[in-house]
Amino acid sequence: MIPPDPRFGLDFNTGLLPYGDKWRLHRKMFNVAFSKQTSKKYQVVQMEKVHQFLVNLLSTPHDYPKHVATLSAAIIMAITYGYDVASKDDPFVTNVAHLVELITNILTAERAMLLNAIPLLAYIPSWLPGGRIKKRAAESRALARTVLDDPVKYVQDRTVAGTPTTSIVGDLFEMEIGKEFASSKDELIKGVAATVFLGGAETTSSALLIFLLAMVLNPEVQTEAQEEIDRVVGDARLPEFGDRENLPYVEAVLIETLRWHPINPLLPLPHMTTTADVFNGMHIPKGVIVMTNFWAITRNEKRYPNPTAFNPRRHLTASGTLAEGTNYPLFGYGRRICPGRHIGDQSFWVAAVSILATLRIGKARNEAGHEVDFTPEFIMAGLASHPKHFPCSIEPRSPRAAELIYASVGGN
Ligand code: HEM
């Protein structure tokens with residue numbers, strides 16, 4: 001990975017750390033907190049937040065982007081700090097959102113390359129136009145400090161008050177840290193925790209917005225997924241994690257969603273080669289930047305015939321079970337593979353299956369009752385790509401579905 005310019009105060013972020021001892025320790029903490037097994041213990045909280053999300057969608061459906069953002073933030077904040085996010089305007093959440101924005105603006109691959117490859121820029125006085133970078137760096141450093149310190153202080157204050165939270169930060173404080181890093185343990189934990197938010201919130205909400213768009217544009221797929229859920233789950237309860245293996249069509253819809261429009265069309269985290277290599281007869285020198293082109297991978301006609309079509313069946317066998325090897329490395333690969341993949345996958349599944357089970361997502365209608373057509377547009381916001389606001393209608397599938405939603409949060 002390309003090390004970030006130290007002036008920005010972003011060297012706490014696992015995704016931006018170069019390969020080395022500090023990165024290894026970060027990954028060790030991630031592996032403890034987010035292994036496949038440990039991730040299962042967060043299913044309860046994920047389910048709880050999704051049920052609240054369904055209520056929010058029912059109350060103000062046109063605010064769906066806000067509800068999606070709140071859900072993603074609420075899951076991550078609950079798991080990481082044991083903190084309850086009421087809305088996306090929560091101060092902890094807005095600070096992180098602002099930091100993500102700064103990181104994206106400053107550390108686009110191009111600027112990262114410039115800042116790291118041309119050290120001369122580090123000496124530009126602040127009154128020159130290039131000095132804007134220095135101003136932004138100071139802003140980023142201050143904000144990063146707030147994002148690192150404030151939520152961890154919340155966890156510590158709760159512990160002192162005798163009402164400790166159940167959270168990853170709490171667990172990590174209990175963990176033995178490598179001797180050479182013991183003195184900077186607090187700082188390391190703050191870094192890992194803030195990375196969880198930076199890496200986890202936006203990716204999850206982008207995945208869900210792409211899913212909603214795919215459902216608006218492909219009503220026949222939505223109906224087929226709902227029929228599968230009705231057969232397996234019935235209408236006496238909402239879906240549970242235990243249903244997952246019996247819902248292969250839903251699984252195929254989710255795989256197809258992120259193939260149809262990958263969250264990271266061109267991976268925003270640029271890698272740098274540590275040694276020279278030869279690949280397919282091409283010489284790749286040491287120290288060059290390498291980006292994964294997920295867009296090209298997911299548009300490969302040989303692997304995915306008619307790649308722009310949304311077709312979950314391409315991930316199923318003739319008998320309707322999940323086919324092998326149709327997925328692409330959506331979570332990356334090798335030693336930098338996404339350490340939050342199990343938790344991200346769980347959040348995406350439970351939110352999508354719960355929406356399918358209870359709500360009908362369709363095109364919005366105008367006053368004359370005609371469907372509103374639109375051309376989807378995507379933007380790279382933060383670290384992930386997602387659709388720009390699109391008109392849609394979100395309604396309960398039946399009075400029974402609405403009852404189940406309200407009952408899931410203790411209402412009637
Ligand atoms: C649908 C959800 C998600 C997707 C599609 C996704 C995808 C990715 C991808 C493609 C990478 C880059 C791998 C590379 O550089 O080769 C990555 C890195 C990373 N992700 Fe995720 N991610 C998701 C959710 C999460 C969550 C929930 C967390 C936190 C709990 C997380 C934490 C990270 C971190 C820390 C890295 C940097 C790893 C490193 O450089 O060592 N991600 N993710």
Side-chain angles (χ1 to χ4, degrees), residues 1-4 10-36 38-39 42 45-46 49 68 71-81 96 100 103 107 109 112 167-169 172 188 191-211 254-255 257-273 289-295 297-298 327-352 382-386:
M1 201 56 65
I2 301 176
L10 300 173
D11 52 353
F12 68 84
N13 185 339
T14 319
L16 299 174
L17 285 176
Y19 181 64
D21 288 346
K22 188 173 172 189
W23 172 81
R24 267 198 296 270
L25 197 56
H26 268 231
R27 290 292 303 215
K28 200 170 149 196
M29 291 185 179
F30 263 104
N31 291 344
V32 169
F34 292 110
S35 69
K36 190 165 186 183
T38 321
S39 297
Y42 309 124
V45 84
Q46 288 173 308
K49 300 293 175 196
V68 165
L71 168 70
S72 314
I75 291 178
I76 296 288
M77 292 299 280
I79 292 174
T80 314
Y81 304 104
V96 183
V100 170
I103 293 178
L107 287 186
S167 65
I168 285 168
V169 166
L172 291 177
L188 279 166
V192 168
T195 303
V196 173
F197 201 108
L198 293 173
E202 210 131 40
T203 41
T204 309
S205 56
S206 291
L208 276 173
L209 289 173
I210 299 169
F211 166 76
L254 300 196
I255 296 173
T257 299
L258 298 182
R259 183 210 63 83
W260 179 65
H261 190 87
I263 292 177
N264 301 299
L266 192 64
L267 196 61
L269 295 174
H271 291 229
M272 188 158 67
T273 52
I289 290 157
V290 180
M291 313 274 282
T292 309
N293 189 341
F294 278 151
W295 190 253
I297 295 175
T298 56
N327 215 338
Y328 75 97
L330 124 94
F331 289 107
Y333 40 77
R335 67 184 174 206
R336 304 300 295 230
I337 192 169
C338 173
R341 59 195 180 284
H342 304 299
I343 208 85
D345 173 65
Q346 281 177 193
S347 295
F348 185 36
W349 183 82
V350 70
L383 300 171
S385 160
H386 66 73

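Both ligands and their constituent atoms are indexed starting at 1 by order of listing. Every value quoted in this text rests on a predicted model; they were computed, and no experiment measured them.
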Which of the ligand 1 atoms, numbered from 1, are nearer than 4.0 Å to a heavy atom of [X]:
{"X": "Phe30", "value": "35 (C)"}
{"X": "Ile343", "value": "27 (C), 30 (C)"}
{"X": "Arg27", "value": "38 (C), 39 (C), 41 (O)"}

Determine, using heavy atoms of [X] and all atoms of ligand 1, whether some pair is separated by less than 4.0 Å.
{"X": "Phe197", "answer": "no"}
{"X": "His26", "answer": "no"}
{"X": "Phe34", "answer": "yes"}

Ligand 1 versus [X], non-hydrogen atoms closer than 4.0 Å: side chain, backbone, both, neither?
{"X": "Leu330", "result": "both"}
{"X": "His271", "result": "side chain"}
{"X": "Trp23", "result": "side chain"}

According to ring pair (Phe, Tyr, Trp, His ring centres under 6.0 Å), who are the partners of Phe34, at least two apart in sequence or on a separate chain? Phe30

With sequence neighbours excluded, tell me which residues meet side-chain contact (heavy atoms from CB on, under 4.5 Å) with Thr298. Arg259, Pro262, Tyr328

Shortest reach to [atom] by a heavy atom, considering only [options]:
{"atom": "atom 11 (C) of ligand 1", "options": "Phe331, Tyr42, Phe294", "value": "Phe331"}
{"atom": "atom 30 (C) of ligand 1", "options": "Val196, Thr292, Asp345", "value": "Val196"}
{"atom": "atom 19 (C) of ligand 1", "options": "Ser206, Pro339, Gly340", "value": "Pro339"}
{"atom": "atom 8 (C) of ligand 1", "options": "Ser39, Cys338, Ser347", "value": "Cys338"}

In this structure, CZ of Phe348 is separated from CG of Leu208 (nearest 0.5 Å) by 6.0 Å

From Ile210 CD1 over to His261 NE2, what is the distance, rounded to the nearest 0.5 angstrom?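 Rounded to the nearest 0.5 Å, the CD1-NE2 separation comes out at 5.0 Å.
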
Go through the side-chain N and O atoms of His26 and Thr14 and say whether any donor and acceptor fall under 3.5 Å apart.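 Yes, side-chain donor-acceptor contact under 3.5 Å.
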
Less than 4.5 Å apart, side chain to side chain, heavy atoms only: is that true for Ser205 and His386?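 Answer no - side chains too far apart.
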
Note, Thr204 side chain near Ile75 side chain (heavy atom, < 4.5 Å):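 A side-chain contact under 4.5 Å is absent here.
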
Is the shortest N/O to N/O distance between Tyr333 and ligand 1 below 3.5 Å?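 Between Tyr333 and ligand 1 (N or O atoms, distance only) the closest approach is not under 3.5 Å.
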
So, is Thr195 polar-close to ligand 1, with some N/O to N/O distance under 3.5 Å? no

With distance as the sole test, does Thr38 use its side chain to make a donor-acceptor pair with the main-chain N or O of Val32 at under 3.5 Å?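 At least one qualifying donor-acceptor pair exists.
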
Taking it one step at a time, do Lys28 and Asn31 satisfy side-chain contact (heavy atoms from CB on, under 4.5 Å)? CA-CA 5 Å; Lys28 200 170 149 196; Asn31 291 344; 5.6 Å; no

Looking only at heavy atoms, which two atoms of Tyr81 and Ala194 are closest? And how far apart? OH-N, 3.6 Å

